[in-house]
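Some notes on the structure that comes next.
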Amino acid sequence: MSSVLPHPTASSTAKAAATDKPIVNYKPAIFGLAGVLLIMVAYRIYQQIFAFSAGLDSTAPEFDTYWMNLLKGELVLLVCSWAGLWSYLWFTRDRNLTALKPREEMRRYFRLVMFLLVYAFCVYFTGSFFGEEDASWHQTVVRDTSFTPSHIILFYGTVPLYILFGVGSFIYAMTRLPRFAERISLPFAIAVAGPFLILPNLGYNEFGHAFWLMEEYFSAPLHWGFVVLGWSVLALGGVLLQIAQHIYELMGRMEKESAAA
Amino acid sequence: MSAQLQEGSVTTIYGKRWSVEMADLSRTLDRLAVAIIFIAITAAFHLHYVLTVGDWDFWVDWKDRQYWVTLAPIILIFFPAAVQNVLWSNFRLPIGGTLCVAALTIGVWISRTFGFELWSYFPLSLVWPATMIAGGLILDAVLLLTGNWFFTAVIGGMAFGLVFYPVNWPIMAPYRLPMEIMNSLVSVGDYIGYAYTRTATPEYLRFIERGTLRTFGGHSAVVSAFFSGFVCILTYMVWWWIGGALSRVVTIPNRLKFAMGMPEEKVVRAEQQA
């Protein structure tokens, strides 16, 4: 990196990055993880209370009250949170990355890693916790709508949340870290775009369940699109390797700078 | 930690000298990366597992001596093979198999408890997940001893398929006891499946079983395990390669980098040169 980019002593955005400020700040990650956990626990309690009492018949008025209203709220939240976080990250981007100091760059790398941690935590609730729970509902209860108590939480609650953090982490890396801005990381793009496409693939799933297969077999080929897109999470390994390589180089630069000082 | 020596403000890690601050950063990255990898594997492996062979894993009456024994190990070896490649090739860590099945086991037990038992009210005795820890340990042991992906595929892959049924047998055995219900010969597992109605899923027996003595295991389970082991060898090879491909650091030029705070490269066009 140092052979490619000049590193002037003054940085436009990193002026505030005093050397005494700690490089690793766990607070955003702790808030992120705790916030996600809180939302997921709330969703699960809501299901426990209203799924069997108000979620068995989609034509019933109470279904509209407790489930369709929740869905509408989620859709509004989805649009607002995506637009809010992604546009915030874009408009507050570093406009002079070539002037970034190594210490601030290192700080941003750790912030990115914690972004990815929150992203992975959200993906867990989709792929594992609520994903399998969806089977326990649909194999037990007759499906009379696409918007069932398990789907409203799984596809319109947890999936948009991990998309928020996945795409957010990608934008963060592209707008704040020179190596990611210089060249697009394919494993990063795959690790974010693959799980993202689970949401559009839902259209195919619902079409299939509406016209071909009302019963629920989890292993039915209709679901294999989700499987293939889920494999793309493995590309997070490539992203972490890339980050580790960058951090290793950065550590060398920081050591040289402190030795020179 | 034997590779790390600390003298004052300098730490030596694998022969390279770092300041204590840099060494701390390195360890912090390790810890965060381990957490991300474990959570991501749990999510992706679980999604892959439930949407391919989940039905066999959910219900005790689906756990037959034919398709469950054959399909579950074939599907289960995908992620261990891929993750073994990443961890062995880059870090010489022979833990990919055990890591994957441990992550999956934790994921399925959490969802089986909070989803199937506490939400849909199926007893855990009907929805317990299969165990696959032994297969993961064997895969890692073969990789550690041979240090070679090909031998791990051939020996470890076959063993992975073969051990699945025997290691699950102690849990499975009570559900294979024969009983007569309405003049039909069924297993205890089948009867539980009948008794706890799954309104939106027809009974598995209607498709698979024919009510003969083969229903209770016998040589057909062994044949299924060997076939499964054979296919595991092939799928291991494919997924070893996929793991390497997905974790490769590949980048392409960013044509919009000027909008992201990077200087635009000056491209001299052919007509300008002329």
Side-chain angles (χ1 to χ4, degrees), chain A residues 23-24 44 47-48 93-98 113-114 116-117 120-121 123-124 127-129 131-133 135-143 174-175 178 181-187 215-219 223-224 226-227 230-231 233-238 240-242 244-245 247 251 254-255, chain B residues 18-19 21-22 25-26 28-29 32-33 35-37 39-44 46-48 50-56 58 78-79 82-83 86 90 107-108 110-112 114-116 118-120 122 127 198-202 242-243 246-254 257 260-263:
Chain A
I23 286 177
V24 183
R44 183 63 188 80
Q47 279 183 328
Q48 195 74 30
R93 69 189 185 275
D94 192 335
R95 288 158 203 268
N96 187 12
L97 283 175
T98 51
V113 172
M114 289 184 209
L116 291 174
L117 177 63
F121 193 53
V123 175
Y124 159 75
S128 182
F129 189 87
E132 192 179 282
E133 191 198 49
S136 76
W137 180 261
H138 282 138
Q139 296 199 328
T140 312
V141 176
V142 172
R143 177 199 296 257
M174 294 279 290
T175 54
E182 179 74 25
R183 298 180 66 85
I184 297 167
S185 161
L186 278 191
E215 295 161 331
E216 185 69 61
Y217 293 104
F218 241 44
S219 46
H223 293 150
W224 292 352
F226 295 126
V227 177
W231 291 344
V233 175
L234 277 172
L236 270 178
L240 288 172
L241 282 174
Q242 193 176 6
Q245 285 173 5
I247 285 182
M251 282 164 66
M254 287 171 71
E255 291 281 65
Chain B
W18 294 100
S19 68
E21 187 191 22
M22 292 302 123
L25 286 178
S26 167
T28 304
L29 179 67
L32 290 168
I36 292 170
I37 288 167
I39 297 168
I41 287 175
T42 307
H46 196 178
L47 184 72
H48 158 86
V50 296
L51 292 173
T52 46
V53 286
D55 305 289
W56 284 274
F58 299 152
F78 283 26
F79 270 64
V83 175
V86 179
N90 293 295
V108 291
I110 290 173
S111 69
R112 229 43 77 85
F114 284 95
F116 282 83
L118 297 177
W119 196 33
S120 302
F122 284 100
V127 295
R198 295 185 294 263
T199 317
T201 312
I242 290 176
L246 279 175
S247 62
R248 195 169 298 148
V249 177
V250 183
T251 60
I252 54 171
N254 179 11
K257 65 178 183 177
M260 294 164 189
M262 297 297 288

Has [X] got a side-chain atom pairing as donor or acceptor with [Y]'s backbone, closer than 3.5 angstrom?
X      : Y      : answer
A:Q48  : B:L118 : yes
B:T251 : A:R183 : no
B:T199 : A:T140 : yes
A:R44  : B:F114 : yes
B:D55  : A:S219 : yes
B:N254 : A:E182 : no

Can you tell me how far [atom2] of [Y] sits from [atom1] of [X], rounded to the nearest 0.5 angstrom?
X      : Y      : atom1 : atom2 : result
B:T201 : A:Q139 : OG1   : CD    : 4.0 Å
B:M260 : A:R93  : CE    : CZ    : 8.0 Å
B:I36  : A:L240 : CD1   : CG    : 5.0 Å
A:M251 : B:S26  : CE    : OG    : 5.0 Å

Identify which part of [X] has an atom lying under 4.5 Å from any heavy atom of chain A, answering side chain, backbone, both or neither.
X      : answer
B:F116 : both
B:L25  : both
B:A82  : side chain

Minimum side-chain heavy-atom gap A:L117-B:I39 below 4.5 Å: yes

Side-chain heavy-atom pair B:L29, A:V113 within 4.5 angstrom cut-off: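 Heavy-atom side-chain distance check passes, below 4.5 Å.
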
For chain B, which of [options] has the most heavy-atom pairs under 4.5 Å?
options                        : value
A:P187, A:S136, A:G127, A:A181 : A:S136
A:H138, A:Q242, A:M114         : A:Q242
A:T175, A:L234, A:V233         : A:L234
A:L116, A:V227, A:L186, A:I184 : A:I184
A:A244, A:A235, A:G131, A:S185 : A:A235

Ring geometry between B:H48 and A:W231 (parallel below 30°, tilted from 30 to 60°, perpendicular above 60°):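 Correct class here is tilted.
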
